Amino acid sequence: MERTAALLAELDEDQRQAVSHGDGPLLVVAGAGSGKTRVLTYRIAWLLAGGLARSHEVLAVTFTNKAAREMVERVERLLVGPLAGGFVGTFHRFALQLLRNHPREAGLPSRFAIADEDDQRRMLDGVLKRLAVPTSQLSPRAARSRISAAKNALLGPREAAEAARGAQEQLLAEVFAAYQEELRSGGAVDFDDMLLLAVRLLEREEPIRRGLAGRFRWLLVDEFQDTNRVQARLLALLGGTRPNLTVVGDEDQSIYRWRGAELDNILRFEENYPGARVVTLGRNYRSAEPILAAAAGVIANNASRRPKRLTSQAGAGGPVVVYQAADETDEARFVADEIARRRGRLELGEVAVLFRINAQSRPFEAELVRLALPYVVVGGTRFWERAEIKDALAYLRLVAAPDDGLAFRRAVNVPARGIGAATIEHLERAAATWQVSLPEAARRLPEQLTARARLALERFTALVDELRGLAGQAPAGEVVERLLEQSGLAAQYAGGDEEDRDRRANLDQLIAAAAEAADRGLDLAGFVDEVALLTDADARTSAQAVRLSTLHAAKGLEFDTVFLVGLEDGLLPLRREGAENLEDEEEERRLAYVGMTRAKRQLFLTAARVRRLHGQLMPGRPSRFLLEVPREVVEERTAAFGREPFRSHLPRPHARREAAEAPAVEPETRKFGAGSRKPHPDGWRPGLKVRHATFGGGVILQVQGTAAQTRLVVFFERAGRKVLIPSLAKLEKA
DNA sequence: GCTTGCGGTATTTTT
DNA sequence: TACCGCAAGC
């Protein structure tokens, strides 16, 4: 009991309420920086330490492998011992494990394969071609996302066909059915199937469901705002009507609607689980006051949320700097210069540049290179999506699952060994006739093939078989090494140029990853499964490098200094062709909110007046989100050669009444800054030396606001930069 | 079967 | 602008 008290003693009042909740459903509404992960880990530790739960009864679900790993580590540190027997991992890993344990009951072959995005695309390409659907009518990309959406909403091809209204949906349903048949005949499941089939399995097989529900008596879910319908259903199946279910989330940080995240899961939690307790964490331990105020001003414009306020525990801080750049190069230069100025005082790993789309990273990279500032781009082309890695993995998949037709297709002619489209087509026809998988058809060497193709296929099959034999005895790292040698994959990149070196280094990393997995007791099949569920979320972070990242990839992270860039209408909020609805706008606003709340001490918001995107010059009107930032916390700067003051560019005031009352374009309301010709009536001007009662001596950097409402940005020798209202602050001219 | 060149298209992406 | 995928030519 002493242990549990000690755990609670380390928490604030709200956190304590959440952690020490007994049984029954619990929703923890955890605003940005309020200690969400802390609550989750302490709660697990508290349940275990107090004897309410035993560790094999705990099922904790996260969205990333990285989050899962961190959770285990933190709980084990709190418990001072291992967390054994329970499950801590992603939804997908849980589902996959379930399907691997019960493939028959799930209607799957015993060694079913996992189709990755590439496989999906290829299959859909084929399907669309076969059905003679012009890409103008339905692109493979659109088809994939719409099929995924259907699956996330618990719809199979049949249900989709029944629900289809209009020719478009009818067509999609047809494509869906053909795609699903393709998966089935290839003995594969896609990512969405993993969850969906797990749900179907539990719905159908009551003993299995009851077994799991009886075992996992404590369910905990992280990032609940991003769960979709299938995931909610999975939880319901595991938990029953009044489960010991703890969910933690924040609707303001839901940024995956486009992937099926159902905001209603969190907004209507109490409806779905009557009698649920709701605890709101209202203290933010991350961001300085102005940053929090800025973020709050923006997110307040969203309707789909629980109204709430976060109070900063991180103390006061300098204003949020808004920089209006001339173009994207100027924007990048500003950011790089600001970073350079902080070098030495700040670990570069504490600095992040966050943008909406990956394509924005280029100019920043160029400027950071110019100033010799190290950086890492998060996202970009990911390790596991590199061609050389995927090629090697295709072989491994084939070794692990001999009937993986998709892997076969990728591996069989890489490196080129004379097995082209014609050969594949023959094999496909043979496979269909014999009702066998594609690799099996290749093993049987159909008559129609040319002698050359037969020889090549024979060699290929022999190679894979040999590797499979090796996998039974040798460690995984060695298998990969042998595979790279004997397949000729390694030889492909024997050159001396940078790209070849890069690819060789990646392949070496793959060998290392396989060896490391083997050390953890995984066999080759296990390694292949794990890799399929892996993403680059594990990307090595460096304390010595500035982080360039999309907003999505920045979720859950924090930095001392954040540059949220590209705050222009059309970019953030991003405008795509097609309907722009309110929900889209709210999600974009949440993205901006997530970005802003990553900052601990210093936040920069930047926009460019013109931007070159996709080779075209785009006029950049400042984002409406910029307008929503309360003026009081902002310090404005503009590009040196920008003539017009920033505010004249602001779009018509949007949702905020105060903004509407202060027309943005009135010349009289322009700031009295360095660029202003008009002197301030009270004689304040940049460069003037002043003295403050508490802050001591300083110099005026900027004069902002109207004559009636002046704000001075002053740099004090002792206290640093402050924003003051001269009529309130006792300020003397020194 | 491989190489080259043209044209079309770009978001976000925990799994 | 830059890249990728596809089709035509070698």
Side-chain angles (χ1 to χ4, degrees), chain A residues 61-68 89-96 114-117 120-122 125 129 135-136 139-141 144-145 148 151-152 189-196 198 222-223 225-228 230-231 253-261 328 354-360 362-363 378-382 384-385 387 413 415-424 450 452-453 456 529-539 549-557 566 570-578 584 587-588 590-592 594-595 611-618:
Chain A
V61 211
T62 59
F63 275 81
T64 64
N65 293 295
K66 188 175 161 213
T90 63
F91 272 109
H92 286 83
R93 199 158 74 74
F94 179 80
L96 179 61
I114 297 165
D116 63 23
E117 242 168 272
Q120 289 183 290
R121 214 212 52 238
R122 246 190 290 249
D125 277 348
K129 217 160 275 170
T135 45
S136 57
S139 68
R141 199 194 173 78
R144 193 177 63 80
S145 90
S148 172
K151 288 183 177 179
N152 285 333
V189 300
D190 65 20
F191 280 117
D192 301 313
D193 282 342
M194 258 183 244
L195 298 174
L196 188 60
D222 194 12
E223 308 276 17
Q225 75 280 357
D226 287 327
T227 51
N228 61 30
V230 186
Q231 288 158 339
Q253 295 183 67
S254 170
I255 54 176
Y256 286 98
R257 203 178 76 90
W258 53 275
R259 292 207 48 177
E328 76 277 2
L354 307 181
F355 35 77
R356 180 64 235 265
I357 60 175
N358 278 126
Q360 282 172 266
R362 281 288 152 77
V378 184
T381 328
R382 291 189 251 301
W384 299 105
E385 277 161 33
N413 203 33
R417 41 172 81 86
I419 302 173
T423 307
I424 295 286
T450 61
R452 193 163 84 130
D529 267 359
E530 185 181 85
V531 165
L533 297 180
L534 220 54
T535 54
D536 225 34
D538 311 87
S549 164
T550 62
L551 288 163
H552 283 93
K555 196 175 87 166
L557 305 175
L571 189 58
L572 183 62
L574 186 70
R575 198 171 10 256
R576 300 156 283 185
E577 68 266 35
D584 287 336
E587 177 131 323
E588 295 290 317
R590 288 192 291 268
L591 267 171
V594 165
R611 177 177 298 275
R612 199 178 297 274
L613 209 62
H614 313 319
Q616 272 179 330
L617 222 52
M618 316 260 288

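Fair warning: this is a prediction, and the values are worked out from it, not measured in the lab.
Between the C1' atoms of C/dG5 and B/dT12, the separation comes to 22 Å (whole Å).
Counting any heavy atom pair closer than 4.0 Å across all strands shown, A/Asn413 reaches sugar-phosphate atoms only and no base atom.
Atoms CZ (A/Phe355) and C1' (B/dT11) sit 13 Å apart, rounded to a whole Å. Note: CD (A/Gln360) to P (B/dT11) measures 12 Å, nearest angstrom. The distance between atom CD of A/Glu587 and atom P of B/dT11, rounded to the nearest whole Å, is 17 Å. In this structure, CD1 of A/Ile419 is placed 10 Å from P of B/dC2, rounded to the nearest angstrom. Rounded to whole angstrom, the span from the CZ atom of A/Arg356 across to the P atom of B/dA10 amounts to 15 Å. In this structure, A/Asn152 atom CG and B/dT14 atom C1' are separated by 13 Å, rounded to whole Å. Going from atom NZ of A/Lys66 over to atom C1' of B/dT14 covers 11 Å, rounded to whole Å. Look at CG on A/Leu551: it is 9 Å from C1' on B/dT12, rounded to the nearest Å.
Taking a centre distance below 5.5 Å and an interplanar angle below 30 degrees as the stacking criterion, A/Tyr256 does not stack against the six-membered base ring of B/dT13.
Comparing B/dT14, B/dG1, B/dT12 against the side chain of A/His552 picks out B/dT12 as the nearest. Considering only the side chain of A/Thr423, B/dG1 comes nearest among C/dA2, B/dG1, B/dT13. When distances are taken from the side chain of A/Ala416 to each of B/dT14, B/dT11, B/dC2, the shortest belongs to B/dC2.
Counting only distance, with no hydrogens or angles, the side chain of A/Asp193 and the backbone of A/Leu196 share no donor-acceptor pair below 3.5 Å. For A/Glu587 (side chain) and A/Arg257 (main-chain N/O), a donor-acceptor pair under 3.5 Å exists by modelled atom type.
Counting heavy atoms from C-beta on, the side chains of A/Gln253 and A/Glu223 never come closer than 4.5 Å.
Ranked by how close their nearest DNA chain B nucleotide is to the 5' end, A/His92 and A/Arg452 are led by A/Arg452. The 5' end of DNA chain B is approached more closely, in terms of each residue's nearest nucleotide, by A/Ala422 than by the other of A/Ala422 and A/Trp258.
The residues A/Asp226 and A/Lys555 are annotated as salt-bridged, a charged nitrogen and a carboxylate oxygen being separated by less than 4.0 angstrom.
A close approach under 4.0 Å does occur between a side-chain nitrogen or oxygen of A/Thr550 and OP1 or OP2 of B/dT13.
A donor and an acceptor atom, one from each side chain of A/Asp192 and A/Ser148, are located under 3.5 Å apart.
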